[in-house]
**Student:** 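One structure is given below, represented as structure tokens, and several questions about it will come after.
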Amino acid sequence: MILYANGCSHTAAAEAVIPEVFALDDGKNGIDRRPHPVNLKASWCSRLAEDLNMELVCEAEAGSSNDRILRTTKDWIKNNPDKLANTFMILQWTTWEREEWLHEDTWYQVNASGIDWVPTELQDRYKRFIIGVDWTEKTRACHDKIWQFHCELERAQIRHLFFSGHSTFSEIQNHQNWGTSYICPYSQQDSYHNWLKNNGGAYANPQSYHFDAESHRLWAKHVLQYINDNNLIAPNEIPTD
């Protein structure tokens, strides 16, 4: 089986082992924004794939928006129709305000920090974006968008599990019934970040809120327990060799 994972730096395991974030950072592992392989090896998704004896496909990217997570996941589904029956998807959602902008055939990921790099042509737009962020509206919009994607996956019978990286939907009043496909979306304490803070996790870098390799191991065990408790993957589907 394939374990497909997507998310932001929390899934890419940024800084978990070494300070580098992207594969391109040390000039030895390519020129793109894939997770640095040393950190990815220690990530919760790599550990979970090992525990489940599955092949890992990880499309996480540090700094990712939820729009990018949705776009790249949908592209993978479209390009791999023959693999879907044998795939379990785990998506980690990032902070709700992030967006991606397409400019001259390049996607730029932006958030409200004010430190993102964008081309000169986008700098005024970025300033307006930071000033005008409406967190309540961004939260509601992401909730609706992710719910619709969940429904699409359900109709397509693609098995999946969602969880929140840092932001949660705790302020949303009208709760949807996600079944067992989303780990406590309306609970602040059950996000990846807050659960680890309350269960022995430790930052690799407190300034970036990135967790260390042992914390990734803890989260992998937590997710595995959730999968087993809810029978999301049948025991006979997990190879034992």
Side-chain angles (χ1 to χ4, degrees), residues 1-73 76 87-95 98 100 107 109 111 113 115-116 160-168 182-183 190-227:
M1 285 188 70
I2 294 171
L3 181 69
Y4 175 92
N6 209 337
C8 67
S9 55
H10 293 316
T11 296
E15 303 182 281
V17 179
I18 58 175
E20 285 76 12
V21 174
F22 302 111
L24 58 80
D25 284 346
D26 61 9
K28 301 176 182 178
N29 293 283
I31 58 172
D32 56 29
R33 291 166 59 89
R34 286 178 296 177
H36 194 285
V38 173
N39 290 324
L40 182 60
K41 187 175 181 180
S43 68
W44 67 262
C45 56
S46 291
R47 294 179 181 274
L48 183 62
E50 291 175 4
D51 290 339
L52 292 169
N53 201 11
M54 291 183 177
E55 173 191 351
L56 176 65
V57 174
C58 179
E59 293 197 308
E61 180 181 297
S64 175
S65 63
N66 289 315
D67 290 335
R68 190 207 70 88
I69 295 168
L70 285 164
R71 173 175 57 83
T72 54
T73 301
W76 193 88
T87 295
F88 186 80
M89 291 189 153
I90 301 187
L91 304 183
Q92 168 256 309
W93 303 110
T94 188
T95 54
R98 293 183 180 182
E100 68 170 2
W107 289 102
Q109 308 299 311
N111 62 43
S113 68
I115 62 173
D116 292 314
H160 59 283
L161 176 62
F162 299 162
F163 67 88
S164 300
H166 194 284
S167 300
T168 68
Y182 201 135
I183 300 176
D190 289 295
S191 70
Y192 164 89
H193 176 266
N194 288 341
W195 187 92
L196 282 174
K197 277 189 66 179
N198 295 326
N199 288 274
Y203 293 132
N205 181 353
Q207 293 182 329
S208 62
Y209 302 106
H210 292 150
F211 284 94
D212 63 12
E214 177 60 18
S215 301
H216 280 266
R217 186 189 67 80
L218 287 173
W219 184 254
K221 288 181 64 177
H222 179 59
V223 174
L224 179 61
Q225 188 66 54
Y226 186 92
I227 289 171

**Student:** Quick one: which residue pairs count as a side-chain hydrogen bond (donor to acceptor under 3.5 Å, both in side chains) with a foot in residues 62-73, not counting sequence neighbours?
**Tutor:**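 Found Y4-T73, N6-R68, N6-T72, N6-T73, S64-R68, S65-Q109, D67-K145, R71-E100.
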
**Student:** Check whether any side-chain heavy atom of I18 lies under 4.5 Å from a side-chain heavy atom of H36, and answer yes or no.
**Tutor:**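 SC-SC contact between I18 and H36 confirmed.
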
**Student:** Verify the ring-centre separation between H222 and W219: is it less than 6.0 angstrom?
**Tutor:**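 Close enough - the centres of the two rings lie under 6.0 Å apart.
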
**Student:** For V17 versus A213, what's the shortest heavy-atom pair and its separation?
**Tutor:**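 Of all heavy-atom pairs spanning V17 and A213, the closest is CG2-CB, 4.2 Å.
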
**Student:** Which pair of non-hydrogen atoms, one from C45 and one from C58, has the smallest distance, and what is that distance?
**Tutor:**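 Scanning both residues, the minimum pair turns out to be SG-SG, 4.0 Å.
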
**Student:** Side-chain donor-acceptor pairs under 3.5 Å in residues 7-14, sequence neighbours left out?
**Tutor:**
{"residue": "S9", "atom": "OG", "partner": "H210", "partner atom": "NE2", "Å": "2.9"}
{"residue": "T11", "atom": "OG1", "partner": "W44", "partner atom": "NE1", "Å": "3.4"}
{"residue": "T11", "atom": "OG1", "partner": "Q92", "partner atom": "OE1", "Å": "2.9"}

**Student:** Please give me the minimum heavy-atom distance between N39 and E20, naming the atom from each residue.
**Tutor:**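 Nearest heavy atoms, N39 then E20: ND2-O, 2.6 Å.
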
**Student:** Tell me, please, which residues at least two apart from F211 pass ring-ring contact (aromatic ring centres under 6.0 Å, His included).
**Tutor:**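 F211 satisfies ring-ring contact (aromatic ring centres under 6.0 Å, His included) with Y192, H193, Y203 once adjacent residues are dropped.
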
**Student:** Are the side chain of S46 and the backbone of L40 linked by a donor-acceptor contact shorter than 3.5 Å?
**Tutor:**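 Checking the backbone N and O of L40 against the side chain of S46, a donor-acceptor pair under 3.5 Å is found.
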
**Student:** Could you work out, with side-chain contact (heavy atoms from CB on, under 4.5 Å) as the rule, every residue matching D190, not counting sequence neighbours?
**Tutor:**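 So D190 forms a side-chain contact (heavy atoms from CB on, under 4.5 Å) with C184, S187, W195.
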
**Student:** Any side-chain heavy atom of L218 sitting closer than 4.5 Å to one from N199?
**Tutor:**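 L218 vs N199: side chains apart.
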
**Student:** Taking only residues two or more places apart in sequence or in another chain, which ones pass side-chain contact (heavy atoms from CB on, under 4.5 Å) with R217?
**Tutor:**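 So R217 forms a side-chain contact (heavy atoms from CB on, under 4.5 Å) with R47, E214, K221.
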
**Student:** Do N111 and T94 have side chains that get closer than 4.5 Å, going by heavy atoms?
**Tutor:**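 No, too far: nothing below the 4.5 Å cut-off.
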
**Student:** For E55, which residues count as a side-chain contact (heavy atoms from CB on, under 4.5 Å) partner, sequence neighbours excluded?
**Tutor:**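 So E55 forms a side-chain contact (heavy atoms from CB on, under 4.5 Å) with I2, V57.
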
